[in-house]
Amino acid sequence: MLHFNMNPIVIVVGCILLFSCGEEQNALENEIINSDQLIEDTALQYFVAQTGSDVTGDGTLSLPWQSISHAVGSVSTSQENVTLNLRGGTHQLANTLSIHDWPGVAQNLRLVIRSYDGEVAVLDGGLIADFGAMISIRNSHYITISGLELTNLIGNKSGIHVTGNSSNIKISDNEVYGMHWTTDEAAASAPAPEDNLNPIVIVGDSADAMREISVTNNEVYDVTTGYSEAIKVTGNIDGFLVEGNEVYDVSNIGIVAAGNYAWVGLDDMNLNQARNGIIRNNEVYRCVSPVAASAGIYVDGARDINVIDNYSHDNTVGFSVGSEQPGAASTIVLSGNVSADNSQAGVVIGTISPDSMVEGIRLVGNEIRGNYTSPVWGGAPIVVNKSKNITIQENDIRSISQYMVTVNAASDGLSLNRNSYESSVASADQAVFSWLGITNQNYTGFESYRSETGQDSFSTFSHAGDSIFATLMKTVKNIFK
């Protein structure tokens, strides 16, 4: 499981970020979002219905096939732009729906599996064997899974599992729910590392990178994941988009982009990082592990990631950037996000692993408020662990305690400025900035902290009880300082 260890004093989690990847990433994003409509209009349409027949059916609307597996096996990979329309109702999967080695290319040879217009196809995974998946996509290209409901999956299994060198994979507008590695409540409260249920998991386990992967506008909820996450992107993946998803009521991390895990099976560990990705406009809440400080959104050992305009609330931790395995998380920017009302930190950046590093992180222009609803000593909205070249600027940081920022370990090149701090319980003279990891000092008082550390020289501090006039005068004073 991707998780963060904590003890009562030292808070250990990771943070999240945002990185601008330039023209190539913009082109990827446009391709992911805008390429489907023309293809769909000219696609060969086939149909699957509960009332159909795999013996007498021909896949037409009047004579549909009955099973999705039969339908996939019946269409030729040489046919252009195939759409399998699943009629409404529950489709019991007798075994894994395997889409392997589909050789799709741009503008043709695409395969779309979707609910028929105006209907909802429900895929039931109750018969899937342990360690299996409801839908398995491997070494395939230009595949879209859209508008389906996936449910009733129990055990160490996966909902949608994408592997190999697959590319141009789109998982969109699905509802994924009712999945649990166990239904035993006592067992679920104490999962072991081998207990894993993956609703949506993308694993680049080939020496050839996955490219143009998108997971968009899905709803994932009511899942007991054990040591896994609701949406996972890991391994050799170069170019991905996770956008517009709603993820909630998960027993661990909501969304993760990861790297450096040996279990992925890559001989060249330099390829083993999800990279050049965007995590944007997702809402993630009530993602709470019984055994670890789970984040709503987590970047763990990945690189070159944009984390933009997400809303992460009522989790254990809002956003985290860390590196649990040997290696590094690097060049991540977190911008325009809201981290609110999480039981522990709003944002955590850094690692406690002796063989890993977190570097080149920008936390800029975020709203971080109301976190540490379960207070502990040193419970600040922002926590920094071992790291390099971290920039924290222009954030709106509102604490419900006197603690504002906690630095637990050495952080070379740490820079804070132009932030707006506020405490609902403490005045500027009572605010605490814990610099134990750098100077072995706790600084009480905003001015003392600034003069001793040289940080936040153009930042402001206000107490929720200050008058508007007093706050304005403090702001003017800081501008002309």
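- Smallest separation of non-hydrogen atoms from Gly254 and Cys287: CA-SG, 3.7 Å.
- For the residue pair Ser251 and Thr224, no side-chain donor N or O sits within less than 3.5 Å of a side-chain acceptor on the partner.
- Within a 6.0 Å sphere centred on CG of Asp268, heavy atoms belonging to other residues, nucleotides or ligands number more than 12.
- The shortest distance between side-chain heavy atoms of Ile202 and Ile171 falls below 4.5 Å.
- Proximity of a side-chain donor or acceptor of Lys157 to a complementary backbone N or O of Ile128 within less than 3.5 Å is detected.
- Atom-to-atom distance recorded for Asn276:CG and Ile305:CD1 is 7.0 Å, nearest 0.5 angstrom.
- Looking at heavy atoms from C-beta onward, Tyr177 lies in side-chain contact with Thr151 at the 4.5 angstrom threshold.
- Across every non-hydrogen atom of Asn310 and Asn281, the tightest pair is OD1-N, 3.2 Å.
- Contact of the Pro199 side chain with the Thr225 side chain is registered, since non-hydrogen atoms from C-beta on lie closer than 4.5 Å.
- For the pair Leu44 and Val75, the minimum side-chain heavy-atom distance is 4.5 Å or more.
- Two residues are said to be in side-chain contact when any heavy atoms from C-beta on lie closer than 4.5 Å; Ile349 and Val358 meet this criterion.
- Judged by distance alone, with hydrogens and angles left aside, the side-chain atoms of Asp130 form no donor-acceptor pair with the main-chain N or O of Gly155 at under 3.5 Å.
- One distance of note links CD of Glu212 with OG of Ser166; it measures 13.0 Å at 0.5 Å rounding.
- Side chain to side chain, Gln66 and Asp54 fail the donor-acceptor criterion of an N or O pair below 3.5 Å.
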(Q) Checking Ile361 against Val299 for the side-chain contact (heavy atoms from CB on, under 4.5 Å) test, could you report, in this order, the C-alpha distance in whole Å, the side-chain angles of both residues, the deciding distance, and whether it holds? (A) CA-CA 11 Å; Ile361 311 305; Val299 177; over 6 Å; no

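- Judged purely by atom type and a 3.5 angstrom limit, Asn371 has no side-chain atom pairing as donor or acceptor with the backbone of Pro381.
- Across all non-hydrogen atoms, the minimal contact from Leu148 to Leu86 is CD2-CD1, 3.8 Å.
- Side-chain contact between Val383 and Gln344 is absent, with no heavy-atom pair separated by less than 4.5 Å.
- For the pair Thr83 (side chain) and Val112 (backbone), a donor-acceptor distance under 3.5 Å is absent.
- Summarising the geometry of Gly346 relative to Val317, their closest heavy-atom pair is O-CG1, 4.5 Å, with the distance given to 0.1 Å.
- Here the CD-CG distance, from Glu229 to Leu197, works out to 11.0 Å after rounding to the nearest 0.5 Å.
- Using modelled atom types and a 3.5 Å distance limit, the side chains of Thr351 and Ser356 yield a donor-acceptor pair.
- Donor-acceptor pairing under 3.5 Å is recorded for the side chains of Arg275 and Asn236.
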(Q) Checking Ser411 against Ser387 for the side chain to side chain donor-acceptor pair (under 3.5 Å) test, could you report, in this order, the C-alpha distance in whole Å, the side-chain angles of both residues, the deciding distance, and whether it holds? (A) CA-CA 5 Å; Ser411 183; Ser387 54; 2.7 Å; yes

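- No donor-acceptor contact under 3.5 angstrom links the side chains of Glu194 and Asn156, judged on distance only.
- Residues that satisfy the salt bridge (Lys or Arg N to Asp or Glu O under 4.0 Å) test with Glu119, not counting sequence neighbours, are Arg87.
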Q: Would you please test Tyr298 and Val284 for side-chain contact (heavy atoms from CB on, under 4.5 Å) and show each step?
A: CA-CA 11 Å; Tyr298 184 26; Val284 185; over 6 Å; no

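- The shortest non-hydrogen separation linking Gly296 to Ser312 is CA-OG, 3.6 Å.
- Judged by distance alone, with hydrogens and angles left aside, the side-chain atoms of Asn174 form a donor-acceptor pair with the main-chain N or O of Gly147 at under 3.5 Å.
- The closest donor-acceptor contact from the side chain of Asn385 to the backbone of Asn408 lies at 3.5 Å or more, if one exists at all.
- Results of the side chain to side chain contact (heavy atoms under 4.5 Å, CB included) test with Val307 over Val242, Leu363, Asn366, Asn337 single out Asn337 as the only residue that passes.
- Put simply, the side chain of Asn315 gets close to the backbone of Arg286: a donor and an acceptor are under 3.5 Å apart.
- Listed for the Asn282 side chain is a donor-acceptor partner under 3.5 Å among the backbone atoms of Gly244.
- Judged purely by atom type and a 3.5 angstrom limit, Asp309 has no side-chain atom pairing as donor or acceptor with the backbone of Arg280.
- Between Thr144 and Arg114, every side-chain heavy-atom pair lies at or beyond the 4.5 Å cut-off.
- A ring-ring contact (aromatic ring centres under 6.0 Å, His included) with Tyr285 holds for exactly one of Tyr248, Tyr311, Tyr221; it is Tyr248.
- Applying the salt bridge (Lys or Arg N to Asp or Glu O under 4.0 Å) test to Glu283 and every residue at least two apart in sequence or in another chain returns nothing.
- In terms of modelled atom types and a separation under 3.5 Å, the side chain of Gln273 and the main chain of Gly301 share a donor-acceptor contact.
- Checked by atom type, the side-chain pair Tyr261/Asp300 shows a donor-acceptor distance below 3.5 Å.
- Thr60 and Asp58 share a side-chain donor-acceptor pair at under 3.5 Å.
- Atom CD of Glu359 and atom NZ of Lys386 lie 10.5 Å apart (nearest 0.5 Å).
- Judged as a salt bridge (Lys or Arg N to Asp or Glu O under 4.0 Å), and not counting sequence neighbours, the contacts of Asp205 are Arg138.
- Put simply, the side chain of His313 does not reach to within 4.5 Å of the side chain of Val338, judged on heavy atoms.
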Q: Kindly determine whether Ser136 and His100 satisfy side-chain contact (heavy atoms from CB on, under 4.5 Å), including the steps that lead there.
A: CA-CA 8 Å; Ser136 172; His100 292 182; 2.9 Å; yes

Q) Does the pair Asp124 and Thr90 meet the rule for a side chain to side chain donor-acceptor pair (under 3.5 Å), with working shown? A) CA-CA 7 Å; Asp124 187 303; Thr90 299; 6.0 Å; no

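- To the nearest 0.5 Å, atom CZ of residue Arg110 and atom CH2 of residue Trp102 are 12.5 Å apart.
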(Q) Please determine whether side-chain contact (heavy atoms from CB on, under 4.5 Å) holds for the pair Asn218 and Val176, giving the CA-CA distance in whole Å, both sets of side-chain angles, and the decisive distance to 0.1 Å. (A) CA-CA 8 Å; Asn218 301 282; Val176 183; 5.5 Å; no

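- The two residues Ile213 and Asn168 have their closest heavy-atom pair at CD1-N, 4.5 Å.
- Between the NE2 atom in His161 and the CG atom in Asn198 there is a gap of 7.0 Å [rounded to 0.5 Å].
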